[in-house]
There are 2 protein chains.
Amino acid sequence: MTPDVLTTWQAYQRMRVLLNGQINRELSRETGLSEADFDILFFMEQSPETSVRSVALRCGLAWEKSRLSHQLRRMEQRGLIEKAPGAVIHLTEKGRAQIAAARDCHEAAVRRYFGDVLTPEQLATLTAISDRVVANLAPGAHH
Amino acid sequence: MTPDVLTTWQAYQRMRVLLNGQINRELSRETGLSEADFDILFFMEQSPETSVRSVALRCGLAWEKSRLSHQLRRMEQRGLIEKAPGAVIHLTEKGRAQIAAARDCHEAAVRRYFGDVLTPEQLATLTAISDRVVANLAPGAHH
DNA sequence: GTCAACTAGTTGATACATCAACCCTGGCCT
DNA sequence: AGGCCAGGGTTGATGTATCAACTAGTTGAC
């Protein structure tokens with residue numbers, strides 16, 4: 001029983017599309033935040049400083065610079081963040097409130113559709129798989 | 001050593017973003033096809049018939065109807081497919097040629113960044129994980 | 001000093017995804 | 001018959017992702 005690579009790929013693709021679609025849909029409906037919004041706000045909330053340099057966001061999230069620039073402009077227009085001189089980004093009170101509310105919703109969805117249906121062994125293996133693939137990719141993670 | 005769900009989730013997210021980014025970038029650069037183009041053309045090429053009803057595409061790919069409609073319009077403008085009355089889609093000669101060329105490129109990238117770096121056990125586990133998650137999600141896979 | 005190369009960031013164009021609001025058409029009910 | 005409702009398909013608006021081209025500050029060689 002050799003696991004065909006393409007079979008696994010197709011199964012993985014299906015999970016990727018459906019799982020993230022479901023979680024993003026719930027997040028958007030219940031909090032008004034997109035996945036992109038959530039990633040940015042979550043990163044900033046975790047950060048020990050009250051402000052973050054945009055290059056830290058780029059490295060931490062592995063985003064392209066233009067993507068980040070567009071996203072930050074839209075988020076500033078909505079009042080979730082503020083841009084200060086020197087490529088420094090501040091989390092506004094509104095942004096802090098929204099991420100606090102969204103975190104629980106997001107975590108619950110992740111558990112419901114992902115964590116709760118897998119065994120500890122499966123979770124451990126998936127972590128190993130992800131790290132392996134990313135490590136193999138990372139040397140060429142240029143943009 | 002309990003594998004924390006959120007740790008696994010973050011590792012998985014990182015793989016998801018970087019891996020699909022890399023493969024899609026290569027596919028686009030070398031063949032001019034997006035992931036969406038590829039999915040449509042691949043499905044149609046696999047189909048035993050020379051034409052496909054659009055509802056079959058919707059179910060097979062688990063796409064929303066408006067997404068499919070927009071995508072088919074763009075692909076028809078580029079001459080990859082043709083729409084016939086009765087919601088029937090034909091693969092043009094140009095489309096057939098492009099998917100034939102792209103398949104090898106795509107498969108090579110999947111092996112290079114995914115299949116070749118994982119063990120058979122890991123591949124088997126990932127298939128099981130994907131099927132489990134999708135099965136748990138599928139009852140509510142409405143749009 | 002100055003020129004070249006590099007890096008961070010921005011912008012505009014284009015493609016893609018999602019939502020809501022439509023139009024049809026084919027049952028199905030009474 | 002008339003009405004009505006569910007489903008497939010389209011469209012427009014909006015948000016998001018990517019690429020290429022551009023600006024501006026830094027560094028380093030000469």
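Numbers restart at 1 for each chain; the letters A, B, ... are given by sequence-line order, proteins then strands.
- If you check distances only, the side chain of B/His70 does reach the base of D/dG12 with a donor-acceptor pair under 3.5 Å.
- Heavy atoms of B/Ser28 sit nowhere under 4.0 angstrom from any nucleic acid atom.
- The nearest whole Å value for the distance from the CG atom in A/Leu27 to the P atom in C/dC19 is 12 Å.
- Rounded to an integer number of Å, the gap from A/Arg58 CZ to C/dT10 C1' is 12 Å.
- Between A/Ile89 atom CD1 and C/dG9 atom P the separation is 8 Å, expressed in whole Å.
- With distances taken from any side-chain atom of A/Arg67 to the nucleotides C/dG9, D/dA17, C/dC19, the minimum falls on D/dA17.
- D/dC19 atom C1' lies 17 Å from atom CH2 of A/Trp63, rounded to whole Å.
- Counting only N and O atoms by type, the side chains of A/Arg16 and A/Gln13 include a donor and acceptor under 3.5 Å apart.
- With respect to B/Arg58 and B/Glu64, no salt bridge is recorded, no charged nitrogen being found less than 4.0 Å from a carboxylate O.
- For the residue pair A/Asp37 / A/Gln71, a side-chain donor-acceptor distance below 3.5 Å is found, with atom types taken as modelled.
- Using a 4.5 Å heavy-atom cutoff, the side chains of A/Trp9 and B/Ile23 are in contact.
- Judged by distance alone, with hydrogens and angles left aside, the side-chain atoms of A/Ser69 form no donor-acceptor pair with the main-chain N or O of A/Lys65 at under 3.5 Å.
- Taking atom CG of A/Leu61 as the reference point, atom C1' of D/dT16 lies 15 Å away to the nearest angstrom.
- With DNA chain C read from its 5' end, the first of the two nearest nucleotides for B/Asp37 and A/Gly86 is the one closest to A/Gly86.
- Distances shorter than 4.0 Å separate none of the side-chain N or O atoms of A/Lys83 from OP1 or OP2 on C/dG9.
- Nearest to the side-chain atoms of A/Lys65 among the listed nucleotides D/dT11, D/dG8, C/dA8 stands C/dA8.
- We find that CD of B/Gln71 is positioned 20 Å from P of D/dT16, with the value rounded to whole Å.
- Each of C/dT10, C/dA17, C/dA8 was ranked by its minimum atom distance to the side chain of B/Ala36; first place goes to C/dA17.
- Picking from C/dC16, D/dT18, D/dG9 the nucleotide with the shortest atom distance to the side chain of B/Ser54 gives D/dG9.
- Residue B/Ser34 places no side-chain atom within donor-acceptor reach of the base of C/dC16, judged by atom type and a 3.5 Å distance cut-off alone.
- In this structure, B/Glu35 places its CD atom 12 Å from C1' of C/dA17, rounding to the nearest Å.
- Looking at heavy-atom distances under 4.0 Å, B/Arg74 makes contact with a base.
- Atom CE of B/Met75 and atom P of C/dA15 are 13 Å apart (whole Å).
- For A/Ser66, taking side-chain heavy atoms from C-beta onward, the closest of the listed nucleotides D/dG9, D/dT18, C/dC16 is D/dT18.
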